[in-house]
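Naming convention: chains lettered A, B, ... in sequence-line order (proteins, then strands); numbering from 1 in each chain.
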There are 2 protein chains.
Amino acid sequence: MVTLAEVAQHAGVSASTVSYVLSGKRSISTSTRQRVEESIRRLGYHPNAGARALASSRSNIIALMIPLRTDMYVPVMMEIAIAVATSARTHGYDILLLTGEEGPDAVRRVTGSGLADAMILMDVELDDERLPLLRGTDQPSVLIGLPADTTGLTCVDLDFRATGALCVEHLAKLGHRDIAVIGEAPAVYERHTGFAERTLDGLRARARELELRLLHRPCEGGYDAMAATLARVFDERPDTTGFVVQNESAVEPLLALLRQQGRAVPEDVSVVAVCPEQVATQASVRLTSVAVPAQEMGRHAVQQLVAKLDGRGSDEVVLLAPELTVRASSGPAPAGP
Amino acid sequence: MVTLAEVAQHAGVSASTVSYVLSGKRSISTSTRQRVEESIRRLGYHPNAGARALASSRSNIIALMIPLRTDMYVPVMMEIAIAVATSARTHGYDILLLTGEEGPDAVRRVTGSGLADAMILMDVELDDERLPLLRGTDQPSVLIGLPADTTGLTCVDLDFRATGALCVEHLAKLGHRDIAVIGEAPAVYERHTGFAERTLDGLRARARELELRLLHRPCEGGYDAMAATLARVFDERPDTTGFVVQNESAVEPLLALLRQQGRAVPEDVSVVAVCPEQVATQASVRLTSVAVPAQEMGRHAVQQLVAKLDGRGSDEVVLLAPELTVRASSGPAPAGP
DNA sequence: GAGGGTTGTCGAAGCGCTTCGACACCTTTC
DNA sequence: GAAAGGTGTCGAAGCGCTTCGACAACCCTC
């Protein structure tokens, strides 16, 4: 294993000089720098991460806490995780992957041991038990998601309230008066993961303003659950012509069931989805949708965090503006009876 | 920040004694141990990861390299990643998340800097450019997947060859003579990710033995691609009654299209999928399938790696035996004309 | 009761790096 | 031409931990 001292000797300079070449924290003459860099290359030197962390009390690692559940909105999580990892690397950071399993203990462990310089938390619940710990430490952190109380916290999320409003507006503009919302699984609402509720708020508020009738039904993913839900919807509101879906794994079942019932999309029924682009474009009908900008959220979170680590930046809540893309699943409401 | 020295002072012992209490590498009297543990708790001591890594040249971190692509078999990847993370924690290791993006450089960086003690690589190609590096280092590693040449490597994977054979056998037993294989996207075959080709080998070999006719068509995910593929299949082999699908995002489109064409599953056509359990049970028809045991693979990989790190264990290839679960998508072949 | 093992604890030497202050040298500036 | 101010380099201290050898103190055994 090659050490800094060996590089220094090889280049005929002192260890500290090599260190300064590496960090750029003091000016170094061009000739010396080149000599040192040449030695580094020739010897195949890699700074030792542990020693670095010890001496500088900076690990250059960001901890990313992802939910343990693998049953919900997986592709979104994965996309965020990968965006975070990729983006972190461009800033010189590596990602430590923590699962939600350990809960608050993971936060304690990481901040206490100096394993990571900062944290990104995903799948934040409205009243998350990790939040007090984050507020009580001076280690920077960013949440992806929005808890009930954001004081002293930095958050990044899609503006789900606006998302809900946008969906309703789009359907209203097309003349739909009865709208059904196929929501996430009941468990999601029970855990009070804010995004589902905020979407619903947005939907309801705008529906009230526009004087539309709105029916909300949570729905487990899958075909059977969707069939049951759909039956209930048409039972209670036979005139429903607009659907808003916020559950990736209910999208395709819904389309299949509508087709099976002889309801054409978009002639008889319009569908708007809140989902990743890929789901929208790969579905059996190209879906009018509001995209969940997973990558952008990941990148944004890293940016905020790096800013904090550099002493810039401060606590703030960033809500990304939703964008609705019209595709083939929505159209004018059918003429009334 | 509390240090080991402070704990030692508080407990009235030397620093080394505290260290030995923590590591258990020397025997400590019960009374001393208890005193030290009490001090640790009272002071809220957490060992500093950097210092530990420096002194012991062990970081207690395992690097996990996942593919950058977010377009293929994402849920499987995610499930493996989470299983790896969870399982690693039970052995006292944390996970460093690397994306495939950096390629071989990531391997160099991690082994060179001592950032991690070992690596797990996913999405290994048949002739992966990272392999020479792994062979050339004494840092333990485990591959999830199977390259062409496994000498000097440890690998964990599903036995995809047996998986293919199993699918064909099942359909043959039900009397199907013409079988179509809906494969992964062409890109997967082009990258020579072994699993798709091994499945195909297994399918073909057994089909030959059982004197079945087999048609293989790669297929991008999504509805449109599937529609085109399906048209070609029935065009070339109108008597096809059995389908084997190895592309999660083609499963639901296939079912929808068959339904649309008036072909009943399983009365007219049988479908066998190679996919995670969740996909099989949530599809519009409960699918007869061979599960991809993502969690088990992740756990296994960690176990192997920990064994190596402890000086036990050696290079070997573990192929998990596939299991076919019969559900509602396969049945006897329809009587001939 | 002297020799030989255990057992439990300690001191000290690093692990490889960062960083601070010092200092020699070279420009400016008036 | 002396004071003031840069620049570029070095030496040394130390980050918090592990681990090795040393060594008391104790228990056997013949």
- With distance as the sole criterion, is a donor-acceptor pair present between the side chains of B/Thr17 and B/Ser14 under 3.5 Å? yes
- Task: Starting at atom CD of B/Glu6, determine the distance to atom P of D/dC15, rounded to an integer number of angstrom.
- Result: 11 Å
- Item | Cationic N near anionic O, under 4.0 Å, A/Arg135 to A/Asp315 | no
- Item | Rounded distance (Å) that lies between atom P of D/dG16 and atom CZ of A/Arg52 | 19 Å
- Side-chain donor/acceptor contact of A/Tyr20 with base of C/dC20 under 3.5 Å: yes
- Message: Under a 3.5 Å cutoff, is there a donor and acceptor pairing between the side chains of A/Thr32 and A/Ser29?
- Response: yes
- Gap between atoms CZ and P, on B/Arg35 and C/dT9 respectively (whole Å): 8 Å
- Message: Using whole Å, what does the distance between atom P of nucleotide D/dC17 and atom NE2 of B/His46 come to?
- Response: 12 Å
- Among D/dT9, C/dC17, D/dC17, the nucleotide that comes nearest once only the side chain of A/Ile28 is considered: D/dT9
- Within the modelled atom types, does a donor on one side and an acceptor on the other bring the side chain of A/Ser14 and the base of D/dG11 under 3.5 Å apart? no
- Query: Are the charged groups of B/Arg41 and B/Glu38 less than 4.0 angstrom apart, N to O?
  - Reply: yes
- Message: Considering every strand and a 4.0 Å limit on heavy-atom distances, what is the contact class for A/Leu54: base, sugar-phosphate, or nothing?
- Response: base
- Note on the structure: Among D/dT9, D/dC17, C/dC17, the one nearest any side-chain atom of B/Leu4 is D/dC17
- Task: Hey, which sits more toward the 5' end of DNA chain C by its nearest nucleotide, B/Thr32 or A/Ser19?
- Result: B/Thr32
- Message: Between the base of D/dG21 and the side chain of B/Arg26, is one N or O donor paired with an acceptor at under 3.5 angstrom?
- Response: yes
- Query: What integer distance in Å separates B/Leu22:CG from C/dG8:P?
  - Reply: 18 Å
- Query: Does A/Ser16 or A/Ser27 map to a spot on DNA chain D nearer the 5' end, using the closest nucleotide for each?
  - Reply: A/Ser27
- Message: On DNA chain C, does the nearest nucleotide to A/Ser23 precede the nearest nucleotide to B/Ser29 from the 5' side, or the other way round? Give the residue.
- Response: B/Ser29
- Message: Measure CZ/A/Arg58 against P/D/dG16 and give the value in whole Å, please.
- Response: 16 Å
- Query: For A/Asn48 and D/dC15, what is the distance between atoms CG and C1' respectively, to the nearest whole Å?
  - Reply: 13 Å
- Can any side-chain N or O of B/Lys308 pair as donor or acceptor with the backbone N or O of B/Ser141 at less than 3.5 Å? yes
- Task: Spell out yes or no: do the side chain of B/Tyr45 and the base of D/dC17 have one donor N/O and one acceptor N/O closer than 3.5 Å?
- Result: no
- Query: Looking at A/Lys25, does any N or O in its side chain come under 4.0 Å of the phosphate oxygens OP1/OP2 on C/dT19?
  - Reply: yes
